[in-house]
Amino acid sequence: QVQLVESGGGLVQAGGSLRLSCAASGRTFTSRAMGWFRQAPGKEREFVATINGSGRITYYADSVKGRFTISRDNAKNTVYLQMNTLKPEDTAVYYCAANRDSGIATTLYDYWGQGTQVTVSS
């Protein structure tokens, strides 16, 4: 069983930065790929970023590539999403998720956090 708790969301001006954190429980954390997803009002949930179990491989959606960085600290059972040069279209609820496997992926996420709101003003 894996429990995930996101934090770090809030209100920021366009061009600003936020760092989201996701604290995970469970002794299988290092064997799971982790992902960040987001959902804006009236839209379906979309993939943002993923990182493999060791933290050596990452993959990003085109919409955030070059602006967002996913990382993890396995000693702390925590995954991060550093978001720079934020745009109003980044406004969404951001969710942390744990994959059933260790390789980067956009699907097959078994555990989800409660979500944290990110609002970017223009």
Side-chain angles (χ1 to χ4, degrees):
Q1 184 76 16
V2 177
Q3 291 183 319
L4 306 171
V5 180
E6 302 100 331
S7 62
L11 175 65
V12 65
Q13 293 184 357
S17 299
L18 284 174
R19 186 176 180 86
L20 305 183
S21 298
C22 174
S25 66
R27 287 178 287 185
T28 61
F29 176 73
T30 59
S31 68
R32 296 179 182 271
M34 300 293 293
W36 287 97
F37 293 75
R38 66 187 183 186
Q39 187 168 24
K43 295 186 177 181
E44 297 192 359
R45 186 171 299 182
E46 66 172 340
F47 166 78
V48 175
T50 183
I51 186 167
N52 77 332
S54 69
R56 296 187 179 95
I57 304 173
T58 59
Y59 179 74
Y60 301 90
D62 288 342
S63 59
V64 306
K65 193 175 301 180
R67 299 188 297 120
F68 291 11
T69 302
I70 187 171
S71 62
R72 67 193 296 163
D73 186 340
N74 287 342
K76 297 180 178 179
N77 281 2
T78 303
V79 63
Y80 305 95
L81 185 69
Q82 178 66 47
M83 304 184 294
N84 298 327
T85 319
L86 283 162
K87 305 174 181 179
E89 51 262 46
D90 294 319
T91 295
V93 176
Y94 283 71
Y95 297 91
C96 175
N99 199 268
R100 64 182 63 180
D101 296 311
S102 63
I104 55 172
T106 60
T107 60
L108 301 180
Y109 284 86
D110 289 335
Y111 302 96
W112 296 81
Q114 84 288 350
T116 185
Q117 177 71 48
V118 172
T119 302
V120 184
S121 62
S122 59

Original post:
Could you go step by step and tell me if Met83 and Val118 meet the side chain to side chain contact (heavy atoms under 4.5 Å, CB included) rule?
Top reply: CA-CA 10 Å; Met83 304 184 294; Val118 172; 3.9 Å; yes
**OP:** Show your working on ring pair (Phe, Tyr, Trp, His ring centres under 6.0 Å) between Phe37 and Phe47 and close with a plain yes or no.
**Re:** CA-CA 5 Å; Phe37 293 75; Phe47 166 78; 5.7 Å; yes
**OP:** In sequence, state the C-alpha distance, the side-chain angles, and the governing distance for Tyr94 and Gln39, and then conclude on side chain to side chain contact (heavy atoms under 4.5 Å, CB included).
**Re:** CA-CA 7 Å; Tyr94 283 71; Gln39 187 168 24; over 6 Å; no
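Partners of Tyr111 under the ring pair (Phe, Tyr, Trp, His ring centres under 6.0 Å) rule, at least two apart in sequence or in another chain, do not exist in this structure. Qualifying salt bridge (charged side-chain N to carboxylate O under 4.0 Å, His left out) partners for Asp110, counting only residues two or more places apart in sequence or in other chains: Arg100.
Exactly one residue among Tyr109, Trp36, Tyr59 makes a side-chain hydrogen bond (donor to acceptor under 3.5 Å, both in side chains) with Thr50. That residue is Tyr109.
Residue pairs meeting the salt bridge (Lys or Arg N to Asp or Glu O under 4.0 Å) criterion with at least one member in residues 63-78, sequence neighbours excluded: Asp62-Lys65, Arg67-Asp90. Legend: disulfide bond (SG atoms under 2.5 Å apart) pairs involving residues 57-89, not counting sequence neighbours: none detected.
A 4.5 Å side-chain heavy-atom check between Arg38 and Leu81 finds every atom pair outside the cut-off. Between Val79 and Ile70 there is a side-chain heavy-atom pair separated by less than 4.5 Å. Contact of the Thr91 side chain with the Gln117 side chain is registered, since non-hydrogen atoms from C-beta on lie closer than 4.5 Å.
For Ala23 against Thr78, the heavy-atom pair with the smallest separation is CA-OG1, 4.3 Å. Closest of all the heavy-atom pairs between Ile51 and Ser71 is CD1-CA, 3.7 Å. Across all their heavy atoms, Ala33 and Gly103 have their closest contact at CB-O, 3.2 Å.
Cluster partners of Tyr80, using a side-chain heavy-atom cutoff of under 4.5 Å among ILVMFWY residues and allowing indirect links: none.
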Would you give me the side-chain donor-acceptor pairs under 3.5 Å for residues 5-20, sequence neighbours excluded?
unit_1, atom_1, unit_2, atom_2, d
Glu6, OE1, Gln114, N, 2.9
Glu6, OE1, Gln114, NE2, 3.4
Glu6, OE1, Gly115, N, 2.9
Glu6, OE2, Cys96, N, 2.7
Glu6, OE2, Gly115, N, 3.3
Ser17, OG, Asn84, OD1, 2.9
Arg19, NH1, Gln82, OE1, 3.2

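Atom-to-atom distance recorded for Asn52:CG and Thr30:OG1 is 11.0 Å, nearest 0.5 angstrom. Ile57 CD1 to Ser102 OG: the interatomic distance, rounded to the nearest 0.5 Å, is 9.0 Å.
At a threshold of 4.5 Å between side-chain heavy atoms, the hydrophobic network of Ile, Leu, Val, Met, Phe, Trp and Tyr places Val2 and Phe29 in one connected group. In this structure, Phe68 is not a member of the same hydrophobic cluster as Tyr95, with clusters built from ILVMFWY side-chain heavy atoms closer than 4.5 Å. There is no path of hydrophobic side-chain contacts, each under 4.5 Å, that joins Ile104 to Met34.
A donor-acceptor pair under 3.5 Å is absent between the side-chain atoms of Asn74 and the main chain of Asn77, judged by distance alone.
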